[in-house]
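Because the structure is predicted, anything quoted here is derived from the model rather than measured. Quick note: numbers below take in every heavy atom, side chains included, and nothing from hydrogens, waters or symmetry partners.
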Amino acid sequence: MSTTASVGSVTPVVVRLKLSLLRNGLRQSAGRRAAYVASIVVVLLFAALQLIGLIALRGNTHAASVTVLLTAVLALGWAVMPLFFASGDETLDPTRLVMLPLRPRPLVRALLVASLVGIGPLFTLCMFAGSVIAMAHSTAAYVTGVVAIVLALLVCVALARAVATANIQLLTSRKGRDLAVLSGLVIAVGAQLVNFGAQKLGSSGLSTLDPAAEVLRWVPPASAIGAVDSVNEGSYATGFAQLVLSAGALVALLALWQRSLTRLMTSPDGSTLQAAEPTRDKAGRSSGLSRLLPAGRTGTVMERSLRYVWRDPKTKAAWVTSLAIGLIVPVFNALQGTGSIYFACFAAGMLGIQMYNQFGQDTSAFWMVALTISSTRDAYVELRARALALLLITLPYATLVTVLTTAMLGDWPALPEVLGLSFALLGAMLATGAWSSARFPYSIPQEGYKNVAPGQAGLAWISIFGGMVAAALLCAPVIAFTIWLHVSAGGEDWTWLLLPLGTAYGAGVTLLGLRLAAPRTARRLPEILAAVSKG
């Protein structure tokens, strides 16, 4: 086969590889297919609603500002989401291709085209199409809009792949784990800033977006969408310049991506060059932690879980991000003067998410855990110990955040009430997390930037968000009792009862959830092992 033919065949081969991996992943079980279809339906419904909302902006004076800012936010999401949330597949992980005789340029082209296949690009395409419809009022504007949509989408995808390739070693090398944690913290702060911006927008109107939009319309890929508005106003030279900016950004990102890909595929992995720590030192440190934990299997499992939090880069990043968001949401809202003391429950909710997919955190090493589980009792002790390890961090943290929020708002009488609600919510999430870990396990690949194995993204979303909905339903009695106390005459004098009641309710729900999850865990060990070992 000639060199030209070989190069030309790379792109369709990679695209077919992606489709084959997705199809084979969905063939493994009916539950996985159902979860994937459900995730597609949810995303498409959300995209349809957003599209209708953008079309409704047509003719609005501030439509251009909204669409330009929307493009900038989408580009930011494409840049950071693949590093920390479930996304991607084997074809998008360049470390899987290092042994193949492929040149960087055709490989970049093939991976770029493969990246356009998926739910994320389809959602982004709908947003850009809606943005063009909201602004365009002439034939020239529509023609410009078609070019702008293509450019903006390619820039978003290229940005995501360039950032992911440049940072692929953050999650694979031990040297980069602290930087990855810092990145998660930055994302948490950024998400809260977006939340504050949305609150200000709701109170001040769309006119507040105009100053930021005037700047961002010259920043790719928002400049491509801004070109539609410029052409609409008759400023053809300005529109052309904005399109050129986006095209230049695309070329620069592709060059950066190719350079990072070349370096990644030709350089040794720095994580393999680290000197091993003395075994004696590790054993000494281990014995110090072991003395503080219960004896037997419970203490062993708790120590293992806590060491995952401290040593595993992905687990550590997830924990730090949850800790940051759980503190930022109530504290920042309190600083703005618009917060409620009930926002303090966010801390317990964010850390409760860490109970989901407990076995997936073990990855292929779960087989060693599975060998020690021969009965429902063993499964119960395993789940209970994992929950206790989580409580060691969550209980004092949730209490600290609640007290801090109460002090900032000066609402001390509500402290017992909110603490009780937080503990009840935490218990509900521990219960549903234990059951979800046994029913919807999924793999967390240790290599690359993905947080879920190909074909399991829908399963992961169903596991987490389905469990959160179930936890909210479990908390309904405590919430209803809280509302009743506030609406009944003299009931507010008894809100302090929510602290002991919420604590007891949370503990009871947790024990019930562990009891229900244990038999399922013991029965489904082979299925769980197969699911978590996929990556």
Side-chain angles (χ1 to χ4, degrees), residues 184-185 188 191-192 195 305-306 309 315 318-334 339-358 383-384 386-409 411-412 414-437 463-483 495-514:
L185 181 60
Q192 190 57 28
N195 177 42
S305 299
L306 293 173
V309 174
T315 304
W319 269 90
V320 171
T321 302
S322 296
L323 289 168
I325 297 178
L327 177 65
I328 289 171
V329 170
V331 169
F332 276 29
N333 278 279
S340 168
I341 192 172
Y342 295 103
F343 278 130
C345 296
F346 211 82
M350 287 302 302
L351 294 189
I353 294 176
Q354 304 303 319
M355 186 64 186
Y356 294 87
N357 196 36
Q358 277 291 309
L383 290 170
R384 184 186 63 186
R386 291 174 184 251
L388 288 174
L390 189 145
L391 287 173
L392 281 180
I393 303 174
T394 305
L395 281 179
Y397 179 79
T399 303
L400 175 64
V401 171
T402 304
V403 172
L404 180 61
T405 305
T406 303
M408 296 179 68
L409 295 175
D411 193 6
W412 291 106
L415 177 61
E417 170 188 350
V418 178
L419 273 178
L421 288 172
S422 295
F423 295 157
L425 174 61
L426 179 59
M429 297 197 74
L430 291 178
T432 56
W435 187 88
S436 179
S437 296
S463 171
I464 296 175
F465 286 101
M468 291 171 65
V469 172
L473 294 176
L474 284 177
C475 287
V478 180
I479 297 175
F481 182 64
T482 303
I483 296 175
T495 55
W496 62 270
L497 286 173
L498 286 168
L499 178 55
L501 289 177
T503 304
Y505 184 84
V509 169
T510 299
L511 292 175
L512 179 61
L514 295 175

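A 4.5 Å side-chain heavy-atom check between Val478 and Leu421 finds at least one atom pair inside the cut-off. The shortest distance between side-chain heavy atoms of Trp412 and Val403 falls below 4.5 Å. By the 4.5 Å heavy-atom criterion applied to side chains, Phe423 and Thr399 are counted as neighbours. At a threshold of 4.5 Å between non-hydrogen side-chain atoms, the residues Leu390 and Trp319 count as touching. Contact annotation: the side chain of Leu400 never approaches that of Leu327 to less than 4.5 Å [non-hydrogen atoms, C-beta and beyond]. Annotation: side chain of Val418 is not in contact with side chain of Thr405 (no heavy-atom distance under 4.5 Å).
Summarising the geometry of Ile341 relative to Leu409, their closest heavy-atom pair is N-CD1, 3.4 Å, with the distance given to 0.1 Å. Taking every heavy atom of both residues into account, Ala387 and Met355 meet most closely at CB-CE, 4.0 Å. Among all heavy-atom pairs drawn from Arg386 and Ser305, the shortest one is CG-OG, 3.8 Å. When every heavy atom of Leu351 is checked against every heavy atom of Ser322, the shortest pair comes out as CD2-CB, 3.8 Å. Shown here for Ala347 and Tyr397, the closest heavy-atom pair between the two residues is CB-CE2, 3.8 Å. Considering all non-hydrogen atoms of both residues, Leu306 and Ala389 come closest at CD2-O, 3.8 Å.
Separation of atoms CG (Leu498) and CG (Leu415) is listed at 12.0 Å; rounding is to 0.5 Å. Expressed to the nearest 0.5 Å, how far CG of Leu419 lies from CG of Leu395 amounts to 10.0 Å. Residue Leu383 holds its CG atom at 12.0 Å from OG1 of Thr510, rounded to the nearest 0.5 Å.
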Could you walk me through whether Ser422 and Thr402 satisfy the side-chain contact (heavy atoms from CB on, under 4.5 Å) test, starting with their C-alpha distance in whole Å, then the side-chain angles of each, then the deciding distance to 0.1 Å, before giving a yes or no? CA-CA 9 Å; Ser422 295; Thr402 304; 4.1 Å; yes

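Residues passing the ring pair (Phe, Tyr, Trp, His ring centres under 6.0 Å) test with Tyr342: none are found, sequence neighbours excluded.
A donor-acceptor pair is defined here as one N or O able to donate and one able to accept, closer than 3.5 Å; no such pair exists between the side chain of Thr495 and the backbone of Ala414. Checking side-chain atoms of Thr432 against main-chain N and O of Ala428 turns up a donor-acceptor pair under 3.5 Å.
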